[in-house]
S.K.: 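One structure is given below, represented as structure tokens, and several questions about it will come after.
Nothing here was measured: the structure is a model prediction, and the numbers come from that model. Just so you know, ligand 1 is whichever comes first in the structure, and atom 1 is the first atom listed for that ligand.
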Amino acid sequence: MEEQSWFQLIPQTQMIEWRRHFHKYPELSFKEFKTSAHIIEILKSFGPIEITQPTPTSVLGTIVGDYPGPKILLRADIDGLPVTEETNLEFSSENKGVMQACGHDTHTAILLASIKVLMNLRSQLHGSVQVIFQPGEEQVPGGAQEIVASGQLHDLGAVIGLHIMNGLKSGSVNVVVDGPATTGADAFELTIQGRGSHGSMPQEGIDPITVGTEIINQLHTVTSRFTPPKDLNVVTVGEFHSGVAVNVLPDTAFIGGSVRTINEATRQAIAARVKKIIKNTCDTYGATYDLNYQFAYAAVVNDPKLSQLVKNSALKVLPKEMVPNGTMMSASEDFSAYGKVAPLCFFLLGGGNAEEGYPYSNHSPKFIIDEKALINGVKTEVASVLEFLKG
Ligand SMILES: [Zn+2]
Ligand SMILES: [Zn+2]
């Protein structure tokens, strides 16, 4: 680690003020109108940044360095969650039932601070820097794919994103240098249409509960019998509803499930297997069905070269013990959508762990992070951009 002259350009006090403002006024996915307006206001105060809105509540900012060169994109997600805050922080949510419970307020503030620093370093940049403040990360199919579909992201050499995560040492920068940084998450909803009848005359009906239990039992063989053990795959049935009375054979049953994968080929193979089990079992019993299989977020797969650059950049500006080996996050992220436009690096910023006094995980109504962690996110983002655009 080396002290960099640009450390003094980091607007530390302002960054915390911004973060607390976004925390106090959270907005739900795709409804981030005030949030995006406030981001634009802050960006404008930095000077000549080109600003566009690829989607109604997103903000894309561009700064051009003094020399020609490649283009790099930094991303922050900005949305809150439908959670009622129970932190008792003085800047607790004023929007009842909505909370920045995943820390996206910190991502927004970190990115604003990074772009402010980079504005002042334009004379050193060989290329340009874009920042995307992205809506709707928490709601499938996610805001990232809309931004990619807008066509406004092009000629990018790299996309970097971070996520604050409790349970990890405050301020630590955790980079997976090769391979999946998150799992992918897909979901399915199945309605089995049987034929209701009297409970004493099952032969007159088609029992959707029996069909459903057969399907569930077979679904539990998908990962154990049909996917390579080295992959991390999960098929979980989280919902099974049917019936209203002990003596009535119901008409329908509902099954809802979640699928986690880290490999695209296996992801497709699991979907095909799930569909086959459902079709064949329903056919056997004479039931019909309606299946909604939703491909939601693919796994975020880090590019080895870019991720090594980010890790090395972090080591340049942070003490070695603050840059441990990154491990995959089991949660999922729509950041993977940017993989369509450039190589990716997604890393985790420690928000503090239980020993440090931050015991509540992301999405908890009591989720609190250590604000002292934020500056390490800025240092890593700025150092990575400087390295990528050093010419
Ligand atoms: Zn979240
Ligand atoms: Zn999140």
S.K.: Does any N, O or S atom of H107, backbone or side chain, fall under 2.8 Å from the Zn ion (ligand 2)?
M.R.: no
S.K.: Given atoms SG of C102 and NE2 of H163, what angle do they subtend at the Zn ion (ligand 2), to the nearest 10 degrees?
M.R.: 100°
S.K.: Compute the angle centred on the Zn ion (ligand 1) spanning NE2 of H363 and OE2 of E138, and express it rounded to 10 degrees.
M.R.: 100°
S.K.: Side chains of Y25 and H21: does their closest heavy-atom pair fall under 4.5 Å?
M.R.: yes
S.K.: Any salt bridge between D186 and R267, counting N to O under 4.0 Å?
M.R.: yes
S.K.: Does the side chain of F240 come within less than 4.5 Å of T213's, by heavy atoms?
M.R.: yes
S.K.: Need the atom name: nearest N/O/S atom of H104 to the Zn ion (ligand 2).
M.R.: NE2
S.K.: Below 30° counts as parallel, above 60° as perpendicular, anything between as tilted: where do the rings of F91 and H23 land?
M.R.: perpendicular
